[in-house]
Amino acid sequence: MTPQALVIRMLPPFAGWLALAALALPGGSPLRGAAVVVFLAAGPGTALVGLCGPALRARSPRGPVERRDPDFVRHSDLLERLMLAVFVSTAAVMIVATVLIATHAFSAQRVLLALTLLTTLAAFCPRLRASPPSRTRKGSVL
């Protein structure tokens, strides 16, 4: 792994720990709010989507037939990852908050801590590999 790839891989956990550190700022501080919102909106999702990155890139996207855009594959992949990161982050926040509410242990600090630990764990996990294409005959059910 290159140093640049390692830095990019560690950005989401760093944002989480930064958001936890920002909780020490006064309650109405815009810096505190910005750090927490940016992490909750994209941090966990970015780490989890990065974990599945090679598997997501196994199939290349198909562009529209009438227009040939040479950068379609790159732009499509970038947009897909961005949207997945936001939606997976939102889902992770909702699941962690629901679990903490169900166990009567809900607090904003606990949600942030749990998501930071999840993001750190996802960043340190090895990336999933793409499975080889299946060898089924054309027209078969499987």
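Separating the CG atom in L18 from the CG atom in L23 is a distance of 10.0 Å, to the nearest 0.5 Å. Note that the CZ atom of F124 and the CE atom of M10 stand 4.0 Å from one another [nearest 0.5 Å]. In this structure, L115 CG and F39 CZ are separated by 5.5 Å, a value rounded to the nearest 0.5 Å. One distance of note links CG of L117 with CG of L113; it measures 4.5 Å at 0.5 Å rounding.
Among all heavy-atom pairs drawn from T46 and S89, the shortest one is N-OG, 4.3 Å. Nearest approach of A114 to V96, heavy atoms of both residues: CB-CG1, 3.8 Å. Annotation for C125 and L51: closest pair CB-CD1, 3.5 Å, computed over non-hydrogen atoms. What you find for L25 and S29 is that their closest heavy atoms are CD1-OG, 4.0 Å. The two residues P13 and A123 come nearest to each other via the heavy atoms CG-CB, 3.4 Å.
Between the side chain of R110 and the backbone N or O of L100, no donor-acceptor pair lies under 3.5 Å.
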Evaluate T116 against F14 for side-chain contact (heavy atoms from CB on, under 4.5 Å), listing each step before the verdict. CA-CA 9 Å; T116 301; F14 178 72; over 6 Å; no
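Side-chain contact between L84 and L48 is absent, with no heavy atoms from C-beta onward closer than 4.5 Å.
Residues I101 and L112 share a hydrophobic cluster, clusters being chains of Ile/Leu/Val/Met/Phe/Trp/Tyr side chains in contact below 4.5 Å. Hydrophobic clustering of Ile, Leu, Val, Met, Phe, Trp and Tyr side chains at less than 4.5 Å, counting indirect connections, keeps V49 apart from V86. Residues W17 and V36 share a single hydrophobic cluster, defined by chaining ILVMFWY side chains whose heavy atoms lie under 4.5 Å apart.
Open room surrounds CD on Q4; 12 or fewer heavy atoms of other groups in view lie less than 6.0 Å from it.
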